[in-house]
Asks: 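First, the structure itself, so that you have it in front of you.
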There are 2 protein chains.
Amino acid sequence: MDKLTVKQQRILNFIEKHRVKKTYPPTLKEIGDNFGITIGTVQDHIYALQKKGHLERKKDIARGFVVIKSEEEQYFDKMKAEADLIPLYGNVAAGEPIFANDNIQGYVTMEKSSKGHNIHFALRIKGNSMIDSGIYDGDIVIVRKQDTAEDGEIVIALLDDEATVKTLRNKNIKAYLEASNSKYKSIINKPFQIIGKVIELRREYNVI
Amino acid sequence: MDKLTVKQQRILNFIEKHRVKKTYPPTLKEIGDNFGITIGTVQDHIYALQKKGHLERKKDIARGFVVIKSEEEQYFDKMKAEADLIPLYGNVAAGEPIFANDNIQGYVTMEKSSKGHNIHFALRIKGNSMIDSGIYDGDIVIVRKQDTAEDGEIVIALLDDEATVKTLRNKNIKAYLEASNSKYKSIINKPFQIIGKVIELRREYNVI
DNA sequence: TATTATGCCATATTGATTTATGGATAAACT
DNA sequence: AGTTTATCCATAAATCAATATGGCATAATA
């Protein structure tokens with residue numbers, strides 16, 4: 001990967017930008033037109049870019065340019081491609097469906113969800129019942145959908161038709177939900193259903 | 001955007017995948033070869049895709065396909081494109097440079113950093129001095145580089161050549177750093193330098 | 001000083017790619 | 001029953017685009 005001259009770099013940038021914006025790379029003529037030079041001259045530049053290892057070319061193939069990226073760029077591209085956008089749901093009142101489309105407040109980027117899609121979602125926390133576990137009112141939790149969990153894990157549970165965040169207590173004969181705030185009582189005698197398990201917490205500080 | 005037949009959808013997918021993987025769209029012949037059909041047949045399919053509004057075509061232009069995406073897809077693409085990867089630094093011992101390349105533990109995706117690049121970074125928290133503010137050992141904070149901050153904001157400060165997380169107290173004549181844990185003393189009489197301000201907190205729960 | 005790299009032009013040829021036409025069949029729809 | 005739609009085929013013409021060649025000038029390099 002030898003260093004490029006200003007002109008060569010400009011031409012390389014043009015090819016890549018053209019590709020991204022128009023969805024296909026330019027022809028030699030289009031490159032020439034853009035820079036006010038002839039096809040022959042473009043050939044020279046393309047040849048230089050190839051020799052320096054910044055560009056690949058498919059022989060006899062129209063627009064057959066392949067811009068070579070550095071390892072770092074490739075790594076970044078890969079990470080971005082693997083990043084998922086998961087929906088952020090607002091906390092709902094009792095009885096309302098959680099996963100309703102009009103309850104989506106936005107989307108949150110999340111690193112590679114090794115497993116399939118539609119498994120994760122984000123939820124904005126309301127209330128202080130988990131404050132002793134460092135989860136505050138207004139925080140966002142990222143949840144992996146599952147209907148079981150281990151003792152001590154923080155789960156989203158459906159209780160009286162309302163979604164709540166609690167620590168699961170599974171040790172004894174009977175599982176129950178524990179609030180992480182001494183002012184709140186643990187819930188023992190109500191039936192509940194586990195919706196998912198909290199795998200990440202996010203808190204946004206108001207940027208002034 | 002009429003519904004597509006199975007065949008039409010397959011051809012549209014082929015065009016898009018070809019474009020992404022090879023960096024340029026296929027020709028009519030290449031499409032035909034892939035599906036074992038002739039150019040004439042491909043013309044028919046392309047025509048149908050255009051009529052149904054899923055594909056645009058540049059006249060007389062080799063590989064001039066533009067796959068039309070739904071508004072949702074466009075929104076997702078845009079968000080992904082705007083997402084930044086910022087470096088995650090480990091906490092360093094006194095005297096060592098924080099922003100050293102070999103102190104990068106990984107990268108974290110972050111939503112649109114409205115302002116330019118290189119302004120944000122992430123830092124893994126060590127210790128419990130901020131526990132009363134809900135920041136725990138092992139948490140990751142996302143920091144915006146800046147050398148001043150307001151009273152009450154959580155900052156990364158350089159103190160005795162070591163980076164620490166503290167709440168800035170700016171009210172009085174003299175600014176000082178406050179630990180959010182009653183077991184720790186606030187730091188009043190030492191000189192410090194603000195590196196940046198915490199704008200987001202992330203905590204990953206160990207996924208079993 | 002000879003050589004190499006850069007940057008430019010012009011032109012002809014070959015090959016790739018699109019476009020245009022016409023025809024055929026089966027299924028779905030009016 | 002007639003019409004449209006979805007699939008297919010074959011072939012020729014037009015033109016787009018890549019390739020091949022040769023030549024010129026300047027600056028950097030061996």
Side-chain angles (χ1 to χ4, degrees), chain A residues 1-70, chain B residues 1-70:
Chain A
M1 295 281 265
D2 288 349
K3 273 201 175 177
L4 299 179
T5 66
V6 180
K7 196 84 193 216
Q8 288 164 357
Q9 186 65 57
R10 276 193 192 139
I11 288 175
L12 192 64
N13 290 345
F14 175 75
I15 294 173
E16 180 63 7
K17 277 191 186 174
H18 189 289
R19 193 183 74 76
V20 173
K21 286 196 177 174
K22 305 215 171 181
T23 78
Y24 47 84
T27 62
L28 295 178
K29 182 167 181 300
E30 286 165 353
I31 298 171
D33 288 348
N34 184 263
F35 292 96
I37 54 182
T38 63
I39 293 183
T41 307
V42 178
Q43 286 178 307
D44 292 339
H45 287 300
I46 298 301
Y47 176 74
L49 286 169
Q50 287 181 96
K51 213 182 60 171
K52 291 186 177 179
H54 292 258
L55 186 67
E56 260 184 37
R57 192 87 198 280
K58 304 295 177 181
K59 202 171 187 301
D60 290 322
I61 281 193
R63 304 173 191 276
F65 294 111
V66 180
V67 175
I68 309 296
K69 297 191 176 179
S70 69
Chain B
M1 293 283 263
D2 288 347
K3 273 201 177 177
L4 299 180
T5 65
V6 180
K7 195 83 193 216
Q8 288 164 359
Q9 186 65 57
R10 275 193 193 140
I11 288 175
L12 191 64
N13 291 345
F14 175 74
I15 294 173
E16 180 62 8
K17 276 191 187 174
H18 189 289
R19 193 185 72 76
V20 172
K21 286 196 178 174
K22 304 214 174 183
T23 79
Y24 49 83
T27 63
L28 296 178
K29 183 166 181 300
E30 285 165 354
I31 297 171
D33 288 348
N34 185 261
F35 291 97
I37 54 182
T38 63
I39 292 182
T41 305
V42 177
Q43 284 179 306
D44 292 339
H45 287 300
I46 298 301
Y47 176 74
L49 286 170
Q50 286 181 97
K51 211 181 61 172
K52 292 187 177 177
H54 292 258
L55 186 66
E56 260 183 38
R57 190 88 198 280
K58 303 296 176 182
K59 201 172 187 301
D60 292 324
I61 282 192
R63 304 172 191 273
F65 294 111
V66 180
V67 175
I68 309 295
K69 297 191 176 178
S70 69

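Keep in mind that this is a model prediction, so the values were computed, not measured. Chain identifiers are assigned alphabetically (A, B, ...) following the order of the sequence lines, protein sequences preceding nucleic acid strands; residue numbering begins at 1 within each chain.
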Asks: Listed by chain and number, what are the side-chain hydrogen bond (donor to acceptor under 3.5 Å, both in side chains) partners of A:Gln9, not counting sequence neighbours?
Replies: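 Per chain and number, A:Gln9 pairs via side-chain hydrogen bond (donor to acceptor under 3.5 Å, both in side chains) with A:Asn13.
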Asks: For A:Lys69, enumerate each residue passing the side chain to side chain contact (heavy atoms under 4.5 Å, CB included) test, keeping only those at least two apart in sequence or located in another chain.
Replies: A:Glu16, A:Glu73, A:Gln74, A:Asp77
Asks: If you look only at pairs with a residue in residues 32-41 of chain A, which of them pass as a side-chain hydrogen bond (donor to acceptor under 3.5 Å, both in side chains), with sequence neighbours excluded?
Replies: A:Lys29-A:Asp33, A:Thr38-A:Thr41
Asks: Would you list the pairs meeting ring pair (Phe, Tyr, Trp, His ring centres under 6.0 Å) in which at least one residue belongs to residues 27-49 of chain A, sequence neighbours left out?
Replies: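 As it turns out, the ring pair (Phe, Tyr, Trp, His ring centres under 6.0 Å) pairs with a partner in residues 27-49 of chain A, which skip direct neighbours, are A:Phe14-A:Phe35.
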Asks: Rounded to the nearest 0.5 Å, how far apart are CZ of A:Arg63 and CD1 of A:Ile15?
Replies: 12.0 Å
Asks: Does A:Arg63 put a side-chain nitrogen or oxygen below 4.0 Å from OP1 or OP2 of D:dA18?
Replies: no
Asks: Who are the side chain to side chain contact (heavy atoms under 4.5 Å, CB included) partners of A:Ala48, not counting sequence neighbours?
Replies: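 If we apply the side chain to side chain contact (heavy atoms under 4.5 Å, CB included) test to A:Ala48, skipping adjacent residues, the hits are A:Gln8.
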Asks: Could you tell me the boundaries of the chain B footprint on DNA chain C, defined by atoms under 4.0 Å from its heavy atoms?
Replies: C:dT17 to C:dT21
Asks: Closest-nucleotide mapping onto DNA chain D: is A:Asp60 or B:Asp60 further toward the 5' terminus? I mean the 5' end.
Replies: B:Asp60
Asks: One character per nucleotide, please: for nucleotides 4-12 of chain D, 5' to 3', B when the base has a protein heavy atom closer than 4.0 Å, S when only the sugar-phosphate does, - otherwise.
Replies: -SSBBBB--
Asks: Please list, chain by chain and in numerical order, all residues satisfying side chain to side chain contact (heavy atoms under 4.5 Å, CB included) with B:Gln43, sequence neighbours excluded.
Replies: B:Leu28, B:Ile39
Asks: Quick one: NE2 on B:His54 to CG on B:Leu4, what's the gap to the nearest 0.5 Å?
Replies: 4.0 Å
Asks: Roughly how many Å is it from CD1 in A:Ile46 to P in D:dA18, rounded to a whole number?
Replies: 9 Å
Asks: Bend across the helix from C:dT1-D:dA30 to C:dT30-D:dA1, to 10°, with axes taken over 5 pairs at each end?
Replies: 30°
Asks: Scan for salt bridge (charged side-chain N to carboxylate O under 4.0 Å, His left out) pairs involving residues 1-10 of chain A, sequence neighbours excluded, and state none if there are none.
Replies: none
Asks: How many Å lie between OH on A:Tyr47 and P on D:dG22, as a whole number?
Replies: 16 Å
Asks: Could you work out, with salt bridge (charged side-chain N to carboxylate O under 4.0 Å, His left out) as the rule, every residue matching A:Glu56, not counting sequence neighbours?
Replies: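 Partners of A:Glu56 by the salt bridge (charged side-chain N to carboxylate O under 4.0 Å, His left out) criterion come out as none, since no residue qualifies.
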Asks: I need the CG-P distance between A:Asp2 and D:dT29, as an integer number of Å.
Replies: 13 Å
Asks: Partners of A:Lys17 by side-chain hydrogen bond (donor to acceptor under 3.5 Å, both in side chains), sequence neighbours excluded?
Replies: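 None.
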